[in-house]
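Quick notes on the structure that follows.
Just so it is clear, the structure is predicted and the values come from calculations on it, not from any experiment. Below, each value reflects all heavy atoms present in this structure, side chains not excepted, and no hydrogens, waters or symmetry copies.
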Amino acid sequence: MRTEGQDARVLADPVDAIIYRLSHDLRASSRAIAEVPDWIAEDLEEAGIDLPSKTAESLTLLQKNARRLDSMISGLLIHSRVARQEARLLDAGQCVIKTLGAYSSRENARFRWRCEPGLVRMAKNDLDLAIRILVSNAVTHNPGVARIAVITRAVSPWWEFTIRDDGFGIPEKDRVRAMEPLTRLRACDDTPSAGMGLAILEKIVRAYDGQLDVSGRRVGSGTTVRLRLPLAA
C-alpha cells in the first residue's frame, strides 16, 4: 500500500509525475484487456458453442499483445519510481549473492561468481532492481543455456559489478539506443522483453552518480556489463 509521503516523492518530478499517473491508470485497463479472451471462451463454452480455430487464434494474439502492453506499462511505472525512496547503507555484495541464489536453480542458466562485499548508500529497492535487471538480461537474452560469470569487488572509490554472458550480444552501434525506454533490438516475437530494463538501470546509475559500461567482442559472442557505484564513505 502506498502512503501519502511515498506518493509525494514519486510525483516530485513533473515528467515522472505524468508517467506515474498514466502508467498507474493504464495498467488496470491493459490487464482487463488481457483477461477478455478468457471470459469470451468461458461464455461460449457455457453456451455450448465451439470456438472456431481462427477466432481462437485471434483471441490468443489479442491476449499476447495485451500482456506485452502491460509489461511495457509496468516498466514505465518502475522507471518513474527510481530514486524516490530513502537511501541507506547496504552491502552490495550480499545483494548480488541473494539475487544469484534466486536464479541459480534455473535449468537455462549456469553461474560462476566471486563476490566481495562493498558498502553503498542507496535505496534498497533500487540496488535490488539494478542487480536483478543485469542478471535477468544475461539469462533471458540467450538462445540456449546461459553461461554467466559474475565478479564484484571494492576498488576505491567504486564498488564494481561485472557480468559476462554468452548470449546474443549488443552491436556497438546500438549500445546507446539500448539504454532508451521501450527499445528492443530484436523483433517483438523473438523476445518477451518490454525494452525497459536497461533504461531503468541507466536511470538508477545516473541517480546515484555511478557508471555503466557495455561491451562485447562481436555480435553473437555475448555481452559484458560493468556497473560501478560509489563506495560509501
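Atom-to-atom distance recorded for L127:CG and C95:SG is 4.0 Å, nearest 0.5 angstrom. Annotation: the span from L69 atom CG to I33 atom CD1 amounts to 7.0 Å, rounded to 0.5 Å.
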Next item on the list: Using the side-chain contact (heavy atoms from CB on, under 4.5 Å) rule, take M196 and M72 through it: C-alpha gap first, then chi angles, then the decisive distance, then the call.
Entry: CA-CA 7 Å; M196 285 300 299; M72 293 165 63; 5.7 Å; no
Next item on the list: Would you sort out whether Q63 and R67 count as a side-chain contact (heavy atoms from CB on, under 4.5 Å), showing the intermediate values?
Entry: CA-CA 6 Å; Q63 199 166 47; R67 286 173 176 165; 3.7 Å; yes
Note to self: Test side-chain contact (heavy atoms from CB on, under 4.5 Å) on M122 and L229; report intermediate values, then the result.
What the structure shows: CA-CA 9 Å; M122 295 180 66; L229 296 169; 3.5 Å; yes
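More than 12 heavy-atom neighbours from other residues, nucleotides or ligands sit within 6.0 angstrom of CD on Q211. Heavy-atom contacts from other residues, nucleotides or ligands closer than 6.0 Å to CZ of R114 number 12 or fewer. Residue D43 qualifies as enclosed at atom CG: its count of foreign heavy atoms under 6.0 Å is above 12.
Side chain of D126 to backbone of A83: a donor-acceptor contact under 3.5 angstrom is found. A donor-acceptor pair under 3.5 Å links the side-chain atoms of D165 to the main chain of T223, judged by distance alone. In this structure, T140 contributes its side chain and S136 its backbone to a donor-acceptor pair below 3.5 Å. Proximity of a side-chain donor or acceptor of S105 to a complementary backbone N or O of G101 within less than 3.5 Å is not detected. Judged by distance alone, with hydrogens and angles left aside, the side-chain atoms of T60 form a donor-acceptor pair with the main-chain N or O of A56 at under 3.5 Å. Side chain of K124 to main chain of L90: no donor-acceptor pair is present (N/O by atom type, distance under 3.5 Å, no hydrogens or angles). Between the D213 side chain and the R226 main chain, no donor and acceptor come within less than 3.5 Å of each other. Side-chain atoms of N65 come within 3.5 Å of backbone atoms of L61 as a donor-acceptor pair (strictly under, hydrogens ignored).
Taking the charged nitrogens against the carboxylate oxygens, E116 and R153 have no contact shorter than 4.0 Å, which rules out a salt bridge. Taking a cutoff of 4.0 Å between a charged side-chain nitrogen and a carboxylate oxygen, R132 and D128 do not qualify as a salt bridge.
Note: F161 and W159 have tilted aromatic rings, judged against thresholds of 30 and 60 degrees for the angle between ring planes.
Within the 4.5 Å cutoff, no side-chain heavy atoms of R206 are placed close to those of V82. When side chains are defined from C-beta on, F111 does not count as touching I163, because their heavy atoms never get closer than 4.5 Å. No side-chain heavy atom of V225 sits less than 4.5 Å from a side-chain heavy atom of L198. Using a 4.5 Å cut-off on side-chain heavy atoms (C-beta onward), I73 and L77 make no contact.
Residues P117 and A154 share a closest heavy-atom pair of O-CB, 3.8 Å. Closest approach of G118 to L231, counting heavy atoms only: CA-CD2, 4.1 Å. Between P230 and D209, the closest heavy-atom pair is CG-O, 3.5 Å. Closest of all the heavy-atom pairs between C115 and V96 is SG-CG1, 3.7 Å. Taking each heavy atom of L201 and A130 in turn, the nearest pair found is CD1-CB, 3.7 Å. Between P37 and A34, the shortest heavy-atom distance links the atoms CD-O, 3.5 Å.
Note on Y103: it does not cluster hydrophobically with V145, by side-chain heavy-atom contacts below 4.5 Å among ILVMFWY residues.
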